A.B. asks: 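The structure is given below, and queries will be raised subsequently.
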Amino acid sequence: MPAIQRIVIITLFSVLTACGSISVDDYAGAAPEFKPQSFFDGPLIARGVLKNRSGLVIRRFSADIKAHWTDGVGTLEEDFVFDDGEESRRVWTLTPSEDGGFVATAGDVVGEGRASVAGNAMFLDYVLRVPYGDGSIDLSIDDRMYLLTPEVLINESQMRKLGFRVGEIVLTIERLEPAA
């Protein structure tokens with residue numbers, strides 16, 4: 001195949017896949033309305049699975065989350081327990097941004113994540129540094145959260161390395177106290 005044909009095919013494929021992307025704005029009218037300041041406030045519990053690139057569940061986990069807001073900035077303290085007994089902790093800080101979303105940071109997040117909210121959804125993109133072998137690797141994470149009821153949220157996360165899907169996380173987060 002001549003080089004020009006390859007370029008045309010690659011360009012066409014790139015344009016078609018970009019046009020099919022789902023945006024958080026596609027959920028602007030969906031209910032119930034997701035207000036992170038309300039949902040992520042108080043005790044929560046998360047339960048989920050980690051899948052490999054083939055879709056096979058390779059780990060299960062639960063996490064106790066303590067969430068609160070101080071001067072408009074949110075803190076989510078997540079304490080994970082995996083099915084093999086491993087424990088880990090992540091503390092998120094959610095700072096409101098001028099565009100109505102949030103800047104999200106955590107100790108194992110490289111730089112800053114960006115969260116956008118519309119309707120019943122919040123999309124959060126960030127780079128996560130995870131242990132791998134004797135070192136670590138950086139994975140691009142595309143978190144998509146959907147509020148199902150005022151007390152239940154479902155989250156699906158795609159993990160990518162160099163643009164290739166390497167895994168997925170699916171979890172629910174439940175409020176342990178009714179929303180105020």
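The model shown is predicted, which means the values in this text are computed figures rather than measured ones.
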A.B. asks: Tell me whether Ile58 is reachable from Leu139 by hopping between hydrophobic residues (I, L, V, M, F, W, Y) whose side-chain heavy atoms are closer than 4.5 Å.
C.D. replies: yes
A.B. asks: What residues, two or more places apart in sequence or in another chain, satisfy side-chain hydrogen bond (donor to acceptor under 3.5 Å, both in side chains) together with Gln158?
C.D. replies: Arg165
A.B. asks: What closest approach, in Å, do Asn155 and Ser157 show between heavy atoms, and which atom pair accounts for it?
C.D. replies: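 Result for this residue pair: OD1-OG, 3.4 Å.
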A.B. asks: Taking Arg90 for the side chain and Phe80 for the main chain, is one N or O donor matched with an acceptor at less than 3.5 Å?
C.D. replies: no
A.B. asks: Between atom CD1 of Ile173 and atom CZ of Arg47, what is the distance when rounded to the nearest 0.5 Å?
C.D. replies: 11.5 Å
A.B. asks: With the side chain counted from C-beta on, respond yes when Tyr27 and Tyr146 share a heavy-atom pair under 4.5 Å apart, and no when they do not.
C.D. replies: yes
A.B. asks: Quick check for you: to the nearest 0.5 Å, what is the distance between Arg89 atom CZ and Glu77 atom CD?
C.D. replies: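 These two atoms lie 5.0 Å from each other.
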A.B. asks: Specify whether Phe82 and Phe61 have parallel, tilted or perpendicular ring planes, treating 30° as the upper limit for parallel and 60° as the lower limit for perpendicular.
C.D. replies: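 Rings of Phe82 and Phe61: tilted, 30 to 60°.
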A.B. asks: Run the salt bridge (charged side-chain N to carboxylate O under 4.0 Å, His left out) test against Asp83 and tell me which residues pass, sequence neighbours left out.
C.D. replies: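 Applying salt bridge (charged side-chain N to carboxylate O under 4.0 Å, His left out) to Asp83 gives Arg60.
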A.B. asks: Verify, without hydrogens or angle tests, whether Asp41 (side chain) and Ser38 (backbone) share a donor-acceptor contact under 3.5 angstrom.
C.D. replies: no
A.B. asks: Run the side-chain donor-acceptor check on residues 114-122: report pairs under 3.5 Å with partners two or more places apart or on a different chain.
C.D. replies:
unit_1: Arg114; atom_1: NH2; unit_2: Glu112; atom_2: OE1; d: 3.2
unit_1: Asn120; atom_1: ND2; unit_2: Leu147; atom_2: O; d: 3.4

A.B. asks: Working to the nearest 0.5 angstrom, can you tell me the gap between Ile45 CD1 and Ser62 OG?
C.D. replies: 5.5 Å
A.B. asks: Filter on side-chain hydrogen bond (donor to acceptor under 3.5 Å, both in side chains), then keep only pairs touching residues 97-107, sequence neighbours left out; what's left?
C.D. replies: Ser97-Asp99
A.B. asks: Counting N and O atoms only, with roles assigned by atom type, does the side chain of Arg175 sit under 3.5 Å from a partner on the main chain of Phe39, one being a donor and the other an acceptor?
C.D. replies: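 Flag set: sc Arg175 to bb Phe39 pair under 3.5 Å.
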A.B. asks: Using the rule that two of Ile, Leu, Val, Met, Phe, Trp, Tyr join whenever any of their side-chain heavy atoms come within less than 4.5 Å, decide whether Val81 and Val170 are in one cluster.
C.D. replies: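 Per the 4.5 Å side-chain linkage, Val81 and Val170 are not co-clustered.
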A.B. asks: Would you check if the side chain of Ser54 reaches a backbone N or O of Leu56 as a donor-acceptor pair within less than 3.5 Å?
C.D. replies: no
A.B. asks: Flag yes if Leu44 and Val49 sit in one hydrophobic cluster, no otherwise; membership is Ile, Leu, Val, Met, Phe, Trp, Tyr, and two members link when side-chain heavy atoms are under 4.5 Å apart.
C.D. replies: no
A.B. asks: Do Leu171 and Val166 land in one hydrophobic cluster if side-chain heavy atoms of ILVMFWY residues count as linked below 4.5 Å?
C.D. replies: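 Both belong to a single hydrophobic cluster.
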A.B. asks: When you group the ILVMFWY residues by side-chain heavy-atom contacts below 4.5 Å and let the links chain together, are Val103 and Tyr126 in the same group?
C.D. replies: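 No, Tyr126 does not connect to Val103 through the hydrophobic network.
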A.B. asks: Given side chains that start at C-beta, do those of Thr75 and Thr70 come closer than 4.5 Å, heavy atoms only?
C.D. replies: no
A.B. asks: Taking the side chain as C-beta and beyond, is there a heavy-atom pair between Ile169 and Met159 under 4.5 Å?
C.D. replies: yes
A.B. asks: Any chance you could measure Ile65, atom CD1, to Glu174, atom CD, to the nearest 0.5 Å?
C.D. replies: 10.5 Å
A.B. asks: Just to verify, what does Arg160 make a salt bridge (charged side-chain N to carboxylate O under 4.0 Å, His left out) with, not counting sequence neighbours?
C.D. replies: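 Arg160 satisfies salt bridge (charged side-chain N to carboxylate O under 4.0 Å, His left out) with no residue once adjacent residues are dropped.
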A.B. asks: Is it the case that more than 12 heavy atoms not belonging to Arg53 sit under 6.0 Å from its CZ atom?
C.D. replies: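 No - once you tally the heavy atoms of other residues, nucleotides and ligands closer than 6.0 Å, there are 12 at most.
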A.B. asks: Below 3.5 Å, can you tabulate the donor-acceptor pairs from side chains in residues 127-138 to any protein atom, sequence neighbours excluded?
C.D. replies:
unit_1: Arg129; atom_1: NE; unit_2: Asp138; atom_2: OD1; d: 2.7
unit_1: Arg129; atom_1: NH2; unit_2: Asp138; atom_2: OD1; d: 3.4
unit_1: Arg129; atom_1: NH2; unit_2: Asp138; atom_2: OD2; d: 2.9

A.B. asks: Can you tell me if Trp69 uses its side chain to pair, donor with acceptor, with the backbone of Leu94 under 3.5 Å?
C.D. replies: no
A.B. asks: Any idea which heavy atoms bring Pro32 and Pro150 closest together, and the distance?
C.D. replies: CG-N, 4.5 Å
A.B. asks: Checking salt bridge (charged side-chain N to carboxylate O under 4.0 Å, His left out) for the pair Asp64/Lys66: CA distance, chi angles, key distance, verdict?
C.D. replies: CA-CA 7 Å; Asp64 290 321; Lys66 295 179 186 101; over 6 Å; no
